[in-house]
Undergrad: 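Got a structure for you, written out below as structure tokens; questions coming shortly.
Order of listing sets the numbers, starting from 1, for every ligand and every atom in it.
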Amino acid sequence: MKLTNFKWNKILLKISGDSFGINTSVVQSFANQIKKVVNSGLQICIVVGGGNIYRGVSSSNNGMDRATGDYMGMLATVMNSLAIQNAMEKLGVQTRVQSALPISAVCEPYIRRRAKRHMEKGRVVIFAAGTGNPYFTTDTAAALRASEMNCDAIVKATLVDGVYSADPKKDNKAFKFDTLSYLDVLSKDLKVMDASAISLARENKIPIIVCSIIKDENLNKVLNGQGTYTLITD
Ligand code: UDP
């Protein structure tokens with residue numbers, strides 16, 4: 001199955017915290033790529049991770065209460081969302097940040113119908129604070145928001161250009177999958193997205209495209225069926 005077989009109108013881009021780390025040039029490159037997608041007429045919304053700043057699970061191993069650590073992680077995603085917003089607004093792209101945890105002086109609260117309206121008007125909506133609940137991840141937030149916004153696809157931007165059989169940095173026999181089914185990902189326990197995110201995408205029949213957008217232009221290439229990626233569908 002090739003990506004050129006699909007026609008997208010609305011996509012959700014998931015950017016993990018690790019892939020940008022508030023490095024201004026990386027954030028700027030992401031913003032440039034997103035601007036091109038907006039200019040091509042696609043509606044786009046974004047879920048940003050927070051792992052570059054704070055991860056609840058790791059902190060709970062160091063004696064921090066898990067739920068407290070998770071709330072700190074969610075606040076970290078708000079910081080990353082503002083960084084992306086700032087970079088895009090500088091390029092003249094209209095954006096709104098909506099947070100699952102209300103922080104009214106900084107951004108809008110998450111309101112589904114309002115987010116949809118923003119997208120219809122060509123604004124890029126950045127969903128911050130994950131699902132708003134501890135014990136979840138921003139991958140699950142991505143699958144949830146993609147379902148709520150009726151997105152045609154989830155683009156999961158990672159540090160590698162697709163899903164591999166093993167860590168390509170550690171194992172030279174590791175190979176990249178071109179396509180996978182949701183069930184393959186779950187049964188092979190491939191570390192693409194957590195099981196709740198995969199199950200939610202599967203239930204709502206939303207294809208997941210795993211790729212890297214570290215290189216300029218990659219996002220547009222992938223959406224046009226070029227470049228390298230792994231496609232996860234039924
Ligand atoms: N988090 C949470 N609930 C959510 C989303 C995120 O509690 O719905 C917390 C959790 O502690 C997580 C942190 O926020 O470790 C940062 O998110 P994540 O690890 O998913 O970011 P990424 O790996 O994409 O950078």
Undergrad: Does Asp167 CG have over 12 foreign heavy atoms under 6.0 Å away?
TA: yes
Undergrad: Which of the atoms of ligand 1 are close to Tyr54, meaning less than 4.0 Å from one of its heavy atoms?
TA: 13 (C), 16 (C)
Undergrad: Suppose I only count heavy atoms of Gly17 and a 4.0 Å limit; which atoms of ligand 1 are within that range?
TA: 22 (P), 24 (O), 25 (O)
Undergrad: For Asp184 and Ser181, test the side chains for any donor-to-acceptor distance below 3.5 angstrom and give the result as yes or no.
TA: yes
Undergrad: At a 4.0 Å threshold, what atoms of ligand 1 neighbour a non-hydrogen atom of Pro134?
TA: 7 (O)
Undergrad: Could you tell me the residue and atom name of the protein heavy atom closest to atom 7 (O) of ligand 1, and the distance to it rounded to 0.1 Å?
TA: Asp70 CB, 3.0 Å
Undergrad: Which ligand 1 atoms are under 4.0 Å away from a heavy-atom of Arg55?
TA: 15 (O), 19 (O), 22 (P), 23 (O), 25 (O)
Undergrad: Any N or O on Thr131 sitting closer than 3.5 Å to an N or O of ligand 1?
TA: yes
Undergrad: Considering only non-hydrogen protein atoms, determine which one is nearest to atom 3 (N) of ligand 1 and report residue, atom name and distance to 0.1 Å.
TA: Asn133 O, 2.7 Å
Undergrad: Ser16 versus ligand 1: do any nitrogen or oxygen atoms come within less than 3.5 Å of each other?
TA: no
Undergrad: Counting both backbone and side chain atoms, is some N or O of Gly56 under 3.5 Å from an N or O of ligand 1?
TA: yes
Undergrad: Search all heavy atoms of Ile208 against all heavy atoms of Met193 and return the closest pair with its distance.
TA: CD1-SD, 3.8 Å
Undergrad: If you compare all heavy atoms of Ala128 against all heavy atoms of Thr77, which two are closest, and at what distance to 0.1 Å?
TA: C-OG1, 3.9 Å
Undergrad: Does any N/O atom on Gly51 come nearer than 3.5 Å to any N/O atom on ligand 1?
TA: yes
Undergrad: Does the N or O separation between Gly50 and ligand 1 drop below 3.5 Å for any pair?
TA: yes
Undergrad: Which ligand 1 atoms are under 4.0 Å away from a heavy-atom of Thr138?
TA: 5 (C), 6 (C), 17 (O), 18 (P), 20 (O), 21 (O), 22 (P), 24 (O)
Undergrad: May I ask you to check whether Gln85 and Ser81 show a side-chain donor-acceptor distance below 3.5 Å?
TA: no
Undergrad: Which is it for Met72 and ligand 1 at heavy atoms under 4.0 Å: side chain, backbone, both or neither?
TA: neither
